[in-house]
Amino acid sequence: MGAAAFDGRDPVSSPTRFRDAYQECERITREQARNFSYGIRLLPGPKRGALSAVYAFARRVDDVGDGDLPREDKLRELKNCREAVHQASTDSTDPVLVALADAANRMPLPLEAFDELIDGCEADVRGTSYTTFDELLHYCRCVAGSIGRLSLGVFGTDDPRVATARADALGVALQLTNILRDVREDQINGRVYLPASDLAHFGVHLEPGGGFVEDSARWNRLMRFQAARADRWYTEGFRLLPMLDRRSRACCASMAGIYHQLLVRIATNPNAAMHQRTSLSGWRKAGVAARSLAGMTP
Ligand SMILES: CC(C)=CCC/C(C)=C/CC/C(C)=C/COP(=O)(O)OP(=O)(O)O
């Protein structure tokens, strides 16, 4: 399949099978990527299709980890996902794999990064907890740095060594934000991601499956510390933006900008994170996307 055969904007020159496969990935992204779809839709057709394929496969892996299956079944499903991506081919009957394989034929997608995503999901299924920030960092690089590096394969860069490190850092920033946003929901589901050493340092007891943290002064100090640390990862990750072409920069700035606003909200009112999931309105997310398209940095 030559590079000119598919153009996401041009149904006439795109073989129907490929067009349908990308359309399915874009549908999944539209329906499920509550925050990232605002950025992904700013990309031109072929890149939008490719990043949607990355999103759709990552969503599938994540859904196995977060789903209701018994532990052994989840591990088996994750193994299947691993094999599926290793064998991804445009001859597949699975539209997400067709789109992923086609995108990888056209762009330097490091598909092996999905192995790291799956490693991270397996750690979740096994109930791994983290004693130090370095351990948590390794997890964040697996589940989100990997997506940053895959996204960079879609965006393109002239300096892969520097850009890869920055894309990885941006993924870490987003994942740290995600952990702070979902702290209560994860706790209810028996998962505590915050490093035990930080919890001990701030005198906070966060038991898997346990109740609300009562001492809001200590909680607030812990959360502000975590938010400041995440913010430093954004500072490093945002250095990727000037390395990207205009539309990729807008996409990346929008994806990261929306999550950065979540972080600002969490840091402003850490107590709320114990009671409800912090979110932004559709208008606010669209505003971040519009500013990103206009070339403004988050
Ligand atoms: C270079 C670059 C683009 C870096 C960023 C990489 C990236 C998008 C990482 C995703 C990490 C993350 C918090 C996923 C949650 O997805 P979700 O669909 O569960 O999110 P939601 O719960 O907010 O909807």
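One is the number of the first residue; the rest follow in order along the sequence. Read the numbers this way: they start at 1 and go in the same order the structure lists the ligands and their atoms.
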Inset, instruction - Work out whether the distance between some heavy atom of L152 and some atom of ligand 1 is less than 4.0 Å. - result: no
Legend entry - Close approach of R59 to ligand 1, heavy atoms, under 4.0 angstrom: yes
Legend entry - Which of the ligand 1 atoms, numbered from 1, are nearer than 4.0 Å to a heavy atom of L240: 1 (C)
Legend entry - Subset of ligand 1 atoms that lie under 4.0 Å from at least one heavy atom of N35: 21 (P), 23 (O), 24 (O)
Legend entry - Y259 ring center within less than 6.0 Å of Y234 ring center: no
Legend entry - For N178, the ligand 1 atoms whose distance to one of its heavy atoms is below 4.0 Å: 13 (C), 15 (C)
Inset, instruction - For atom 11 (C) of ligand 1, find the nearest protein heavy atom and state the residue, atom name and distance (0.1 Å precision). - result: A144 CB, 3.6 Å
Inset, instruction - Cation-pi check, R141 to Y139: give yes when NZ or CZ is under 6.0 Å from the six-membered ring centre and within 45° of the ring axis, no otherwise. - result: no
Inset, instruction - Would you mind reporting whether L240 and C252 have side-chain heavy atoms less than 4.5 Å apart? - result: yes
Inset, instruction - Using a strict 4.0 Å cut-off to heavy atoms of M255, name the atoms of ligand 1 that fall inside it. - result: 8 (C)
Inset, instruction - Give me the ring orientation class for F202 and F225: parallel if the planes are under 30° apart, tilted from 30 to 60°, perpendicular past 60°. - result: tilted
Legend entry - Member of R60, R191, K74 meeting the salt bridge (Lys or Arg N to Asp or Glu O under 4.0 Å) criterion with D66: R191
Inset, instruction - Keeping the roles fixed (side chain from W219, backbone from P270), state whether a donor-acceptor pair exists under 3.5 Å. - result: yes
Inset, instruction - Give yes or no for whether the N/O distance cutoff of 3.5 Å, strictly under, is met between R181 and ligand 1. - result: yes
Legend entry - N/O separation below 3.5 Å, R34 to ligand 1: yes
Legend entry - Between Y130 and S197: side-chain donor-acceptor atoms closer than 3.5 Å: no
Inset, instruction - For residues H260 and F238, establish whether the separation of their ring centroids is below 6.0 Å. - result: yes
Inset, instruction - May I ask you to decide whether R27 forms a salt bridge with E31, counting only side-chain N to carboxylate O separations under 4.0 Å? - result: yes
Legend entry - Minimum non-hydrogen distance to atom 4 (C) of ligand 1, winning option of S254, C252, A58, G148: G148
Inset, instruction - Return a yes/no value for Q175: is any of its N or O atoms, backbone included, closer than 3.5 angstrom to an N or O of ligand 1? - result: no
Legend entry - Heavy-atom nearest neighbour in the protein, as seen from atom 20 (O) of ligand 1, with distance rounded to 0.1 Å: Y259 OH, 3.4 Å
Legend entry - L174, portion touching ligand 1 at heavy-atom distance under 4.0 Å: both
Inset, instruction - With atom 16 (O) of ligand 1 as the reference point, say which of Y55, F155, F36 has the nearest heavy atom. - result: F36
